[in-house]
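Everything on this sheet refers to the single structure shown next.
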Amino acid sequence: MCGIVGYIGKQKASAIILEGLKRLEYRGYDSAGVATQQGDHFDLAKKIGRVEGLIKTTPALKLPGTTGIGHTRWATHGGVTDANAHPHISSDQKFAIIHNGVVENYASIKKFLLTKGYTFKSETDTEVLCNLIAYHYQKEPATKEGSRFLESVRKTLRHIEGTYGIAVMCADNPAEIVAARKGSPLILGVGDGELMLASDVSAIISRTQNVVYLKDGEIVHMTAQNFSITTLDSSDVSPVIDKITWNIEDSEVGAFDHFMEKEIFEQPAALENTMRGRFSEDGSTAQFGGLNITAIDFRQVDRFHFIACGSAWHACLVAEQLIERFARVPVEVDYASEFRYRNIPLSKNALFFTISQSGETIDTLAAMREAKRKGYKVLAISNVVGSSIAREADGGVYQHVGPEIGVASTKAFTSQLLVGAMLALYIGRMRDMSFSGGIEYVKALKGAPDLVRETLKLAPQLKEIAKRYAHYKDMLFLGRLTLFPVALEGALKLKEISYIHAEGYPAAEMKHGPIALISEECPSVFFVPSGEMFNKVVSSMQEIKARKGKIIAIATQNCELPSGLVDELIRIPECHEAVLPIVASIPVQLLSYYMAVELKRDVDKPRNLAKSVTVE
Ligand code: M6R
């Protein structure tokens with residue numbers, strides 16, 4: 001995925017666009033570029049590397065226009081080169097474009113355009129898109145005053161297979177931008193005497209809180225004074241202007257070194273926000289305003305399907321166990337990317353949930369569309385209001401944790417665990433969970449933010465442990481039941497930001513293969529809860545110890561561990577089983593964060609990754 005920004009107004013566009021790009025950099029950071037327009041002339045600056053690098057090497061004078069577009073890239077078609085960086089200019093110099101997405105039929109279009117004399121400087125699908133607009137523009141009769149630019153973009157998009165969020169400038173139409181979306185997010189910011197475009201609100205929040213969330217298949221035509229929205233088949237769209245409820249501080253790193261660190265420490269408040277207003281007055285169950293499904297219909301569901309990617313998929317695995325345990329309804333969990341192609345038999349009364357922080361992950365969106373196509377209702381758990389997944393769902397639950405900027409998910413993940421736990425309660429109370437059971441469960445969930453606050457106090461200890469373990473090349477994360485998905489999440493966090501190879505496994509399964517990795521050079525992180533699993537987990541630890549493996553134990557307060565068994569002991573509070581995965585996530589988040597810092601990694605922008613993956 002990439003980040004795109006556009007501006008039309010009275011100010012110098014480049015400064016505003018570069019500021020916006022810095023805020024969107026989490027979406028991709030292979031290269032960055034800006035083009036502004038003055039009269040019929042484009043000024044262009046683009047290069048590989050971060051936005052900061054572009055700013056340093058681009059004198060403000062070079063980009064003087066008050067209309068402009070900018071882009072931060074996560075490479076898909078073509079390597080990371082200056083030539084492949086956006087914006088791209090058509091070979092006749094008439095159009096400048098930025099693009100987020102993938103044009104699947106670009107090869108045949110390119111072949112056609114070459115026969116028509118268009119030339120290409122890059123390997124990108126985007127330059128093909130740009131030249132196709134130029135081709136249609138040449139063919140478009142200039143009869144309807146002012147609409148030739150818009151119509152040539154519209155015609156072009158009708159030929160495009162794939163996904164796009166684009167913004168285009170035309171040399172013949174200064175102070176105009178045409179933008180469109182299909183499968184890649186695009187938001188129009190309506191400011192005071194200015195209009196902006198962006199892939200997400202963090203890029204424009206410093207200038208306006210009024211936004212229009214463009215829908216797939218919509219095209220916006222912007223001038224300095226006004227905008228109009230139409231569809232690919234030329235129908236008019238009445239825009240709905242929404243107000244963003246968070247402010248600029250929420251998307252700034254503040255006193256922290258990294259967004260990931262900030263977001264880890266925001267978790268108590270984030271969990272409070274996720275729960276706010278979501279318990280019944282009698283305190284015995286959860287309530288959700290936006291599910292758009294009656295209790296009677298919910299009661300009929302005979303199987304839940306949860307679909308997601310990455311950390312959100314781990315959250316689904318925890319929800320599965322809690323719903324099966326407390327509500328006694330079977331749950332299936334699928335990777336979104338697999339679900340679409342498996343064509344699994346589905347029962348008549350199945351209900352789907354997708355979980356996606358960004359609400360833009362294309363695999364999750366596509367899986368959701370597939371379930372809907374088969375006639376099933378799909379509810380979405382998402383953090384980003386107005387995101388594609390949230391909008392296309394039949395209903396859902398917003399997480400309300402504020403913007404998550406760090407590429408490694410932290411506060412969104414624990415909030416997803418919480419929503420899953422609340423759903424288990426909600427569904428459980430419709431079935432066999434007693435009133436008193438519900439009261440106890442709600443009390444436990446309400447206590448989660450304080451338990452997380454307490455657990456965050458472990459930060460100095462984890463920082464020290466991180467220093468001792470950062471030089472290892474491999475690591476195992478082992479847990480049982482709901483702590484197995486947390487082990488997967490711990491391994492993912494470590495891999496993502498420190499580039500240390502890590503694997504998550506069910507603790508007892510370790511002896512069926514991964515134990516071969518164990519030596520003094522491969523430490524293991526064990527989750528050790530008190531209760532029925534305690535002795536079993538201790539046995540697994542002993543098997544590791546017998547093979548000279550180092551052990552970092554994350555154990556609840558009441559666990560009495562045999563002396564000499566563990567090398568590092570991290571104590572977390574005892575808690576209800578619906579809260580335990582949330583609390584147990586904190587130490588692994590801190591451990592991976594400090595290990596990555598120790599290794600001087602770029603924590604918020606780890607190599608090769610992007611915050612949400614909007615290509616298949
Ligand atoms: O926005 P989504 O929740 O749909 O994103 C899903 C994954 O791409 C995401 O969780 C990814 O695995 C994170 N980088 C994990 O830290």
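Ligands are counted one by one from 1 in listed order, and the atoms in each one are counted from 1 as well.
Close N/O approach between Thr364 and ligand 1 is not found [any backbone or side-chain N/O within under 3.5 Å]. For ligand 1, one of its N or O atoms has an N or O atom of Gln357 under 3.5 Å away. Any N or O atom pair closer than 3.5 Å counts here, and Gln416 shares no such pair with ligand 1. Polar contact with ligand 1: absent for Ala408 (N/O pair, distance under 3.5 Å).
Among protein heavy atoms, the minimum distance from atom 15 (C) of ligand 1 is reached at Ser311 OG, 2.9 Å. Counting protein heavy atoms only, atom 6 (C) of ligand 1 is closest to Cys309 O, 3.3 Å. With respect to atom 12 (O) of ligand 1, the closest heavy atom belonging to the protein is Gly310 CA, 3.3 Å. Of all protein heavy atoms, the one lying nearest to atom 5 (O) of ligand 1 is Thr361 OG1, 3.5 Å.
Glu464 and Tyr594 form no side-chain donor-acceptor contact under 3.5 Å, judged by distance and modelled atom types alone. Counting only N and O atoms by type, the side chains of Gln267 and Gln589 include a donor and acceptor under 3.5 Å apart. Defined by atom type and a distance below 3.5 Å, a donor-acceptor pair is present between the side-chain atoms of Ser415 and Thr274. Neither side chain, Glu360 nor Ser387, offers a donor N or O lying under 3.5 Å from an acceptor on the other.
Salt bridge status for Lys262 with Asp257: absent, with no side-chain N to carboxylate O gap under 4.0 Å. Using a 4.0 Å cut-off between a side-chain N of Lys or Arg and a carboxylate O of Asp or Glu, Lys215 and Glu392 do not qualify as a salt bridge. A salt bridge links Arg50 with Asp602; the closest basic N to acidic carboxylate O contact falls under 4.0 Å.
Contact atoms of ligand 1 toward Ser358: 1 (O), 2 (P), 4 (O) (distance under 4.0 Å to a heavy atom of the residue). Every atom of ligand 1 with a heavy atom of Ser409 under 4.0 Å away is listed here by number and element: 15 (C), 16 (O). Close approach of ligand 1 to Ser356 is summarised as follows: ligand atoms under 4.0 Å from at least one heavy atom of the residue are 1 (O), 2 (P), 3 (O), 4 (O). Ligand 1 places these atoms under 4.0 Å from at least one heavy atom of Glu496: 13 (C), 14 (N), 15 (C), 16 (O). Close approach to Lys493 involves these atoms of ligand 1, each under 4.0 Å from a residue heavy atom: 15 (C), 16 (O). Listed by number with element, the atoms of ligand 1 under 4.0 angstrom from any heavy atom of Val407 are 13 (C), 14 (N), 16 (O).
With hydrogens and angles disregarded, no donor-acceptor distance shorter than 3.5 Å links the side chain of Glu454 to the backbone of Pro573.
Checking Glu324, Glu332, Glu320 one by one against Arg303, the salt bridge (Lys or Arg N to Asp or Glu O under 4.0 Å) holds for a single residue, Glu332.
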